[in-house]
Protein chains: 2
Amino acid sequence: MKKLLNDPQDAVTESLDGFELAHADLVEVHRAPLYVSRAGGAVPGKVGLVSGGGAGHEPLHAGFVGAGMLDAAVPGAVFTSPTPDQIVPAILGADSGAGVLAIVKNYTGDVLNFETALELVEAEGTQAASILVNDDVAVEDSLYTAGRRGVAGTVAVEKIAGAAAERGDDLGKVTEIAGRVVANVRSMGVALSACTVPHVGKPSFDLDETEIEIGIGIHGEPGRHRIPMAPADEITGMLVDAVAEDLRLAGGERVLLFVNGMGGTPQSELYVVYRQARRLLEARGVAVTRSLVGNYVTSLEMQGASVTVLRLDDELTALWDAPVHTAALRW
Amino acid sequence: MKKLLNDPQDAVTESLDGFELAHADLVEVHRAPLYVSRAGGAVPGKVGLVSGGGAGHEPLHAGFVGAGMLDAAVPGAVFTSPTPDQIVPAILGADSGAGVLAIVKNYTGDVLNFETALELVEAEGTQAASILVNDDVAVEDSLYTAGRRGVAGTVAVEKIAGAAAERGDDLGKVTEIAGRVVANVRSMGVALSACTVPHVGKPSFDLDETEIEIGIGIHGEPGRHRIPMAPADEITGMLVDAVAEDLRLAGGERVLLFVNGMGGTPQSELYVVYRQARRLLEARGVAVTRSLVGNYVTSLEMQGASVTVLRLDDELTALWDAPVHTAALRW
């Protein structure tokens, strides 16, 4: 295993040390227990937004802490859920009195630990709600999940709910908006290679030199099927068809098209996928009115990509367009 | 070879098709000959800024076309210089009458082809100047270069010269500012793995499972030496020491610290490198007052990173901070 790390056990904390030094204007890293909060703390009167999950998917979630998006992010060890003792202070710190929405990707560990934390903060008098992200259409259940997995669609949930909170919506309305995104966002990915978890030291799975995995999970968990390597347009077609059909996209609708890199794929390839995904959506009469292309929900150095489609309405579009100032997303 | 591409011969054009579709508000892609310009064309009264070079280093250069940075970018085939017939229309299109500065990385093909293009546009009455970027301290000459190579420091040259042009500096002043950046920026990189050029189909070089290459070039050309894999802090020390000594950095100075990913390295590892690079600079009494961490000058899917340090003064800091709106850099 070759990685730019020191002791693999320190990978997450040393990376967050660097993240805090580079972005001291945006974030503060708390160390015992470990979580990341917005510099300056909770914003008075604003609903707090907290997310979290296993590390290894950077910039998710810490890269989305800042104005217009998250108030706090709680990283676990690589591909491992954070614990309630980390989540509780993150939520309490994000609560200015207007309550807190927790955005949880649908993995069994995350769901249980966020549930426990929410019970604890509610017992202390914090008004809290949660929303489950489960945008991955590839499989119904998996190694880490009952029901669909939460993957790249999480970025849209965090951005749009973050904008709703920033404009002053109350907890009920922010939760409703987040739910509207979850109901209208779908994703599917492909892996060309596996990644190596630092403290494991060997690839998470074996993939033949001529094989790819359609419907891969962001921890390398199995997808729908393995097929021989195929041209990008053909692979993109499989992803777009699965997503569009699950969303029941109809002609005349407007969408955000998000092509996400898994971490080890050149940006130039992501644009090749974007090109074909856009053509295929347009061929269905769907208008791509917003776009995002890049590495936002990664699996360490895995080679691959996912296609996410979010059905837009005027309000979701305006919230997507609202200003955001985080380490990974800024406009 | 597994890549998200169709015919490898179409890799650059299909990627630019996607890039243009995703960023139609920012760029226009011209196809015969191939170059990328700012949407809306030359800005009246502003000095034009044009750069270019072989593809495969994305987001460099097309990702930096937009307000506050480049007016045009000219991509060659992967790791291959663009030709004068591409560069000439890019320069002419960027000229609003105030002249054009060409920013050229120091590779023999780029230098020759930009020189030829500059002679041709000058013959047509365009006022043009050029600046050579040669920030890589690793080697004096290499496979593709006489003298030092131009690598990640190019981002600082394009950003800062772009801001100077945007505030209305004339061609002489923009060129002087660009020269000031070149004189004060140094870089060195490390590779953990090779990359595969699509139309070649096999890795550019062989690197043993336990070996890394210190001083790697952005085309995988040899660096200073191969060493056994080492902890990140030790590798970072080699890069920072080489850069700091070449720059003759002294205590009390202020710098921009830029940790650049080669394309296939997880973001979390880049922050581990940033953390140690910053500590080492601070141990020299140097203040890191500006930072950039991410994949900006890549070598396809190569795993590795480079450290770039730019000595700052008040004017360079203000120009770095000036607004920028491109696909890859925005604030």
- Parallel, tilted or perpendicular: rings of Phe258(B) and Tyr296(B) (30°, 60°): perpendicular
*So which of Ala232(A), Ala11(A), Ala328(A), Cys195(A) has the biggest tally of heavy-atom pairs under 4.5 Å with chain B?*
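Heavy-atom pair counts peak at Ala232(A).
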Among Gln267(A), Met229(A), Glu269(A), the residue with the most heavy-atom pairs under 4.5 Å to chain B is Glu269(A)
*Answer yes if the ring centres of Trp331(A) and Trp320(A) are under 6.0 angstrom apart, and no otherwise.*
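Yes, the ring centres sit under 6.0 Å apart.
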*Indicate, with yes or no, if the rings of Phe19(A) and Tyr274(B) have centres closer together than 6.0 Å.*
no
Counting only heavy atoms closer than 4.5 Å, note whether [X] contacts chain A via side chain, backbone, both or neither.
{"X": "Pro59(B)", "answer": "both"}
{"X": "Ala305(B)", "answer": "both"}
{"X": "Leu207(B)", "answer": "both"}
{"X": "Asp25(B)", "answer": "neither"}

Chain A interface, residue from [options] that has the most non-hydrogen pairs under 4.5 Å:
{"options": "Ser15(B), Gly63(B), Pro231(B), Ala62(B)", "result": "Ser15(B)"}
{"options": "Arg279(B), Gln276(B), Arg330(B)", "result": "Arg330(B)"}
{"options": "Glu209(B), Met1(B), Gln303(B)", "result": "Glu209(B)"}
{"options": "Gly263(B), Gly264(B), Ser268(B)", "result": "Ser268(B)"}
{"options": "Glu234(B), Glu20(B), Glu58(B), His325(B)", "result": "Glu58(B)"}

Report task. Go through the steps to decide whether Ser51(B) and Glu158(B) satisfy the test side-chain hydrogen bond (donor to acceptor under 3.5 Å, both in side chains), and finish with yes or no. Result -> CA-CA 8 Å; Ser51(B) 192; Glu158(B) 295 181 358; 3.0 Å; yes
dist Ser291(A):OG -> Tyr271(A):OH (nearest 0.5 Å) comes out at 9.0 Å
**Message:** Ignoring hydrogens and geometry beyond distance, is a side-chain donor-acceptor pair present between Thr298(B) and His57(B) at under 3.5 Å?
**Reply:**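 The criterion, which ignores hydrogens and geometry beyond distance, is not satisfied for His57(B) and Thr298(B).
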### Query
Distance only, no hydrogens: is a donor on one side chain within 3.5 Å (strictly under) of an acceptor on the other, for His199(A) and Gln9(A)?
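Side chains of His199(A) and Gln9(A): no pair found under 3.5 Å.
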Worksheet item: Is the closest basic N to carboxylate O distance between Asp233(B) and Arg275(B) below 4.0 Å?
Response: yes
Whatever's closer than 4.5 Å to a heavy atom in chain B on Leu5(A) counts as both
